[in-house]
Amino acid sequence: MDKTYEPKNFEHEIYENWLNKGYFSASVNSDKKPFTIVMPPPNITGQLHIGHALDCTIQDAIIRYKRMQGYEALWLPGTDHASIATEVKIVEKLAEEGLTKKDLGREKFLRRAFEWKDKYGGRIVEQQQRLGISCDWEKSSFTMDSKCSKAVREVFVKMFNEGIIYRGDRIINWCPECKTAISDAEVEYESSQSHLWHIRYPFADGSGEIIIATTRPETMLGDTAVAVHPTDPRYKKAVGKMLVLPLCNREIPVIADEYVEKDFGTGAVKITPAHDPNDFEVGKRHNLPVINIMNGDATLNENAGAYAGLDRYEARKKLLEDLEKSGYLVKTEDHLNNIGHCYRCGNVIEPIVSKQWFVKMKELVSPAIAAVKNKEIRFIPKRFEKSYLHWMENTQDWCISRQLWWGHRIPVFYCEKCGNVSASVEDLEVCPKCGGKVHMDEDVLDTWFSSALWPFSTMGWPTETELYKKFYPTDALVTGYDIIGFWVSRMIFSGLKHTGKKPFGDVVIHGIVRDGLGRKMSKSLGNGVDPIEVIDKTGADALRISLVSGISAGGDIKFSSEKLEGYRNFMNKIWNAARFVLLNCENRNVKEIGSFRLTLADKWILGELNACIKRVTRLMDKYEIGLAAAQIYDFIWSEFCDWYIELSKTALYSDNDDKRDNTISVLLYVLRETLKLAHPIIPFITAEIYNALPNKDADDIMIAPYPKSAGIKTSTRILRASFRAELEQMRSVMELIKNVRAMRNEMNVSMTKRTALFVKPLGGNKALVKSASRYIEKLAGGNSLQIVDAEPEGKNVTVISSIAEVYIPMNELIDKDKEIARLNHELEIVESEIARASGKLANEGFVQKAPAALIDAEKAKLAKYKEQRETLKKSIENLIGE
RNA sequence: GGGAGCUUAGCUCAGUUGGGAGAGCAUCUGCCCUACAAGCAGAGGGUCAUAGGUUCGAACCCUAUAGCUCCCACCA
């Protein structure tokens, strides 16, 4: 092994080997219980960012864990065509060449898009592989490949025929730049300083006027009413009367509707059903006409009369001038309001009435709500259930048509002869009704329409493939909380509706990755992190574990170079620990655990390992990867390296071959199990070291059995591995050692200055102290150790602990006054402990109501501290008396 | 406006069913001791946001308040 950890030297080779061996591919013929994850498909718009790396790491950790536990683990990868996002990118690129979509035409445009997909889709796979993820590449899907497209068509036609998909007029968000409808979720609101214009609308009978307030005066050209609140006394008499729309000379009624807020503006609001979603609803309630005044490019149309042809903002300006001239404009107020922008191009969106395709949500939502409420589908953490239910309960019909080219073309065919509209899985040439010529709908489907089918379309549904039969429904879905509404909810109702089964059981939600300052990573801030650059620098494992550590329960995660460096150091620590073990293996006879007598330290580390396995398993089962990682970190660094390796040196550096064989066998065993424990999170380094082990229990670590806390399995039996008594014993030995070390530090006696140690065991701890004496001597800086019954003659430094007192002959190196001061400080601490414990025991309520075990423990502590108090007092007296 | 979450050491966060406040980083002290200076041994540092309540006992449970974050809806 190299002296320092150099991930570059082995990560690639290890990954190639995994691919060649076919370890990632799941078999439909296996007898093993399946465990399935489908990957949330990254958009093909570009390269992966750090958020994907997080998403992938979590999934990979889960799938590797399950695979090692003996499941037939399938992780199905793929990519998403990302209709609007990709189309925008391609249009941008065309613009660089001086071309437009129209110049190319639909067919050539799509060819370009597929070229784009091949290029960027491939790049994404390369990046994912650098991360080391173990998905079944051969089963990889793309939302527009033939099997996914087939599922899309099947679903569309089915829902069309059932009347769940319908075409209708609705207010949709129109992006005048992208020239397409975008869903509500794709609108981003930005608060901006605007104006509230007050405009006079006179009554038709000349009996006065109503003043309305608006932020979008140009839409008044499409007004078909003015609404007031039914209980508003100011307008009580006005309801039912007619108003003359200024500049248009059209008459519109005054209506009463609860929607109006009395306190806003003037309490009277103009109603423009064609250009405002709320007004549209009001219009429906009152049977108002709908007048659309706008073209797709946000210029005004012929309904705008004199303003036709003008851009929306020019029209606003001119209209305001005209209103002012003719005295209709009462006043202009400053007003802060939220304006919707297209999430892709940033243009101000325009609510417009238009003909679009919709999915009727009413019947779809109730089974989807029930599946979560009756715990068939579980959100982890649970609180996201509320997000989901809230979204589901408030969702409106889903607008699924987009005026784009890149995507699944809507499989609807219009007969030019008889006007029949039909949906078909196969392309139609002629009308199925009259045989007349048909043409296909020009629009494509919302990207999420195909994403919604992802858990089963990727497995070949509607065909009952072997894959589908074995692996569907899937087990876990891992994704960010930001797409619960967009995606998770739609997969749930789609799965239930089309396959009759829930698409997955557990929804594991994680947060988003932020920078060190807690800001979202974004291009404009320039604080994004390229996972590949990080991997080049520190290796994939360090990236993986630093992403996953510190995340818990759907919380956001901060990513910083300090954190990354910390985990890179951890990798180095593992590397060197393994090097230590392997270097000491030479010429040693490796034995099976259980075939020789274990020392106190051996039993202790095996007990700690066992406890660690238990905790890690429990956490992994709860998808708490971050907390599991923390447990592993702690065990490897604080217990295995800092203590056991140090303890093992007393045996390893002795000349007793038996002891050396035994110790190296324990070291190897613990190392191997620890590597397996950590492998799901840090696959490369664990695999590289595992390959070098003389005690491998599988051809490759990724197919080795995951450690179990049930006990240590040997060839003949299972050993109990909790070693509870030894854990306690060793911990008190460690406490003693630490106390001596702390004293040395305080008294400026470096560890290199070895001293004699006189140890006086307390209570029944003589045997324990005796068996641990070599450890104490070595780790507490002794050059000799003697077990005594009383403090030796002469000046000594006294160190107290719960199992023993340690006396170190004081030579000229240690100052007497300083030692007295130190002991007095110790005494203060002990006194305060005595006060605390006796106070507690003097509390009647505590003694009566607290559990007996707790009271006993408190009494024992009190006794121990009292004993320590005596020791300290005596030592101080001795020193003063000298 | 509706909903969710957060507030613990200088920073980033853990803290399982209520039972003596933890880790990493940073700071300070001392160490190159044959795995590792990307390291080792120590130390300092906290009114667990605030105010009440329940309890023998509260970081944890309940109520209110303040500050921050996110999601949803979007008021003309």
Side-chain angles (χ1 to χ4, degrees), chain A residues 1 3-5 184-185 187 189 196 212-216 219 227 259-261 263-272 276-279 335 337-338 340 381 383-384 386-387 390-391 394 481-482 484-485 511-512 516 518 538 549-558 560 562-563 565-584 615 618-619 622 624 626-627 630 633-634 637-638 641-642 645-646 649 653 738 741-746 748-752 754 778-779 781 833 836-837 840 843-851 853-855 857-858 861:
Chain A
M1 283 175 82
K3 188 161 179 188
T4 46
Y5 166 64
D184 291 346
V187 179
Y189 288 90
L196 192 59
I212 59 94
T214 180
T215 54
R216 290 193 303 158
T219 64
Y259 151 71
V260 181
E261 267 188 51
D263 298 334
F264 189 91
T266 61
V269 53
K270 61 192 228 34
I271 299 297
T272 323
D276 183 284
N278 293 305
D279 291 8
H335 179 69
N337 71 343
N338 280 335
R383 70 186 135 100
F384 290 104
K386 284 186 187 158
S387 286
H390 185 262
W391 192 90
N394 294 297
Y481 59 69
D482 47 338
I484 291 175
I512 55 173
T538 65
S549 292
I551 62 162
S552 78
D556 286 349
I557 171 195
K558 282 182 194 152
S560 64
E562 290 83 13
K563 198 170 168 186
E565 199 182 329
Y567 286 102
R568 192 273 320 263
N569 294 353
F570 179 48
M571 294 304 106
N572 192 52
K573 188 75 183 175
I574 296 176
W575 186 260
N576 278 293
R579 235 168 48 101
F580 171 81
V581 175
L582 291 170
L583 288 173
N584 281 290
R615 287 192 295 265
R618 205 192 68 223
L619 290 165
K622 286 161 66 182
E624 290 277 15
L627 297 178
Y633 181 99
D634 220 49
W637 204 314
S638 309
C641 293
D642 287 350
I645 286 185
E646 294 308 320
K649 286 176 182 172
Y653 297 162
K738 281 182 174 190
R741 285 171 173 173
M743 180 279 294
R744 298 180 74 108
N745 255 289
E746 215 171 319
N748 288 323
V749 184
S750 105
M751 284 295 280
T752 46
R754 301 246 141 201
K778 176 165 169 47
L779 299 182
E833 288 297 336
R836 191 195 57 78
K840 213 164 183 180
N843 182 338
E844 258 180 61
F846 178 75
V847 180
Q848 274 171 21
K849 297 193 179 177
L854 203 66
I855 297 169
E858 212 57 51
K861 280 185 229 166

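Just so we're clear, the structure is a prediction, and the values are computed from it rather than from any experiment. Atoms considered below: every heavy atom in the structure, side chains included; atoms not considered: hydrogens, waters and symmetry mates. Below, read A as the first sequence line, B as the second, and so on, with proteins coming before strands; counting in each chain starts at 1.
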Residue [X], side-chain atoms from C-beta onward, closest of [options]:
{"X": "A/K649", "options": "B/rA76, B/rA35, B/rG30", "result": "B/rA35"}
{"X": "A/N576", "options": "B/rA14, B/rG30, B/rC36", "result": "B/rC36"}
{"X": "A/T4", "options": "B/rA38, B/rG19, B/rA35", "result": "B/rA38"}
{"X": "A/T752", "options": "B/rC75, B/rC31, B/rG42", "result": "B/rC31"}

G-U wobble or Watson-Crick pairing nucleotide for [N] (cut-off 3.5 Å, both distances):
{"N": "B/rG45", "result": "none"}
{"N": "B/rU63", "result": "B/rA51"}
{"N": "B/rC40", "result": "B/rG30"}
{"N": "B/rC56", "result": "B/rG19"}
{"N": "B/rC25", "result": "B/rG10"}
{"N": "B/rU69", "result": "B/rA4"}

Name the nucleic acid region contacted by [X], choosing base, sugar-phosphate or nothing; use a 4.0 angstrom heavy-atom cut-off, strictly under.
{"X": "A/R579", "value": "sugar-phosphate"}
{"X": "A/L583", "value": "nothing"}
{"X": "A/I645", "value": "base"}
{"X": "A/E261", "value": "base"}
{"X": "A/R744", "value": "nothing"}
{"X": "A/D642", "value": "sugar-phosphate"}
{"X": "A/K849", "value": "base"}
{"X": "A/S387", "value": "nothing"}
{"X": "A/V581", "value": "nothing"}
{"X": "A/E858", "value": "nothing"}
{"X": "A/D634", "value": "nothing"}
{"X": "A/R568", "value": "base"}
{"X": "A/A577", "value": "base"}
{"X": "A/K573", "value": "base"}

Tell me the interatomic distance from [X], atom [atom1], to [N], atom [atom2], rounded to whole angstroms.
{"X": "A/R383", "N": "B/rC6", "atom1": "CZ", "atom2": "P", "value": "6 Å"}
{"X": "A/I557", "N": "B/rA14", "atom1": "CD1", "atom2": "C1'", "value": "14 Å"}
{"X": "A/M751", "N": "B/rC32", "atom1": "CE", "atom2": "C1'", "value": "15 Å"}
{"X": "A/L779", "N": "B/rC33", "atom1": "CG", "atom2": "C1'", "value": "11 Å"}
{"X": "A/F384", "N": "B/rU69", "atom1": "CZ", "atom2": "C1'", "value": "12 Å"}
{"X": "A/K563", "N": "B/rC13", "atom1": "NZ", "atom2": "C1'", "value": "8 Å"}
{"X": "A/N745", "N": "B/rG42", "atom1": "CG", "atom2": "C1'", "value": "4 Å"}
{"X": "A/Y259", "N": "B/rA73", "atom1": "OH", "atom2": "C1'", "value": "13 Å"}

Determine the Euclidean distance between corresponding [atom1] atoms of [M] and [N]; express it in Å to zero decimal places.
{"N": "B/rU63", "M": "B/rA4", "atom1": "P", "result": "12 Å"}
{"N": "B/rG2", "M": "B/rG53", "atom1": "C1'", "result": "29 Å"}
{"N": "B/rG45", "M": "B/rG24", "atom1": "C1'", "result": "15 Å"}
{"N": "B/rG15", "M": "B/rC75", "atom1": "C1'", "result": "44 Å"}
{"N": "B/rA14", "M": "B/rA49", "atom1": "P", "result": "14 Å"}
{"N": "B/rC28", "M": "B/rG1", "atom1": "P", "result": "48 Å"}
{"N": "B/rC11", "M": "B/rU7", "atom1": "P", "result": "14 Å"}
{"N": "B/rU47", "M": "B/rC60", "atom1": "P", "result": "16 Å"}

Any side-chain heavy atom of [X] within less than 4.5 Å of one from [Y]?
{"X": "A/D634", "Y": "A/R615", "value": "no"}
{"X": "A/E624", "Y": "A/R618", "value": "no"}
{"X": "A/I574", "Y": "A/Y5", "value": "no"}
{"X": "A/R216", "Y": "A/T272", "value": "no"}

Measuring to OP1 and OP2 of [N], would you say a side-chain N or O of [X] lies under 4.0 angstrom away?
{"X": "A/K3", "N": "B/rC36", "result": "yes"}
{"X": "A/H335", "N": "B/rA76", "result": "yes"}
{"X": "A/Y633", "N": "B/rA14", "result": "no"}
{"X": "A/N569", "N": "B/rC36", "result": "no"}

Checklist entry - Do A/T219 and A/K270 pass the side chain to side chain contact (heavy atoms under 4.5 Å, CB included) test, and can you show the C-alpha distance, the side-chain angles, and the key distance before you say yes or no? => result CA-CA 9 Å; A/T219 64; A/K270 61 192 228 34; 2.7 Å; yes
Next on the checklist: If you go through the side-chain atoms of A/E646, does one of them form a donor-acceptor pair with the base of B/rA41 closer than 3.5 Å?
Outcome noted: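 Checked by distance alone, the answer is no.
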Item to check | Donor/acceptor link under 3.5 angstrom from A/N843 side chain onto base of B/rC56 | outcome: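 Per atom types, no contact qualifies.
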Checklist entry - Quick one: on RNA chain B, does A/W637 or A/K386 contact a more 5' nucleotide (nearest heavy atom)? => result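 Result of the comparison: A/K386.
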Checklist entry - On RNA chain B, nearest-nucleotide positions of A/A850 versus A/N584: which is more 5'? => result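 In this pair, the answer is A/A850.
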Checklist entry - Is the NZ atom of A/K649 crowded by more than 12 outside heavy atoms at less than 6.0 Å? => result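 Yes, NZ of A/K649 has more than 12 neighbouring heavy atoms, counting only those of other groups under 6.0 Å.
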Next on the checklist: Minimum heavy-atom separation for A/A213 and A/G265, please, with both atom names.
Outcome noted: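 Here A/A213 and A/G265 meet closest at CB-CA, 4.2 Å.
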Checklist entry - To the nearest 0.5 Å, what is the distance between CG (A/N584) and CZ (A/R579)? => result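 The CG atom of A/N584 sits 11.0 Å away from the CZ atom of A/R579.
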Next on the checklist: Strictly below 4.0 Å, N to O, side chains only: are A/R836 and A/E858 in salt-bridge contact?
Outcome noted: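 Here A/R836 pairs with A/E858 in a salt bridge, since their nearest N and O are under 4.0 Å apart.
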Next on the checklist: Classify the ring geometry of A/Y567 against A/F570: parallel below 30°, tilted from 30° to 60°, perpendicular beyond 60°.
Outcome noted: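 If you compare the ring of A/Y567 with that of A/F570, the planes turn out perpendicular.
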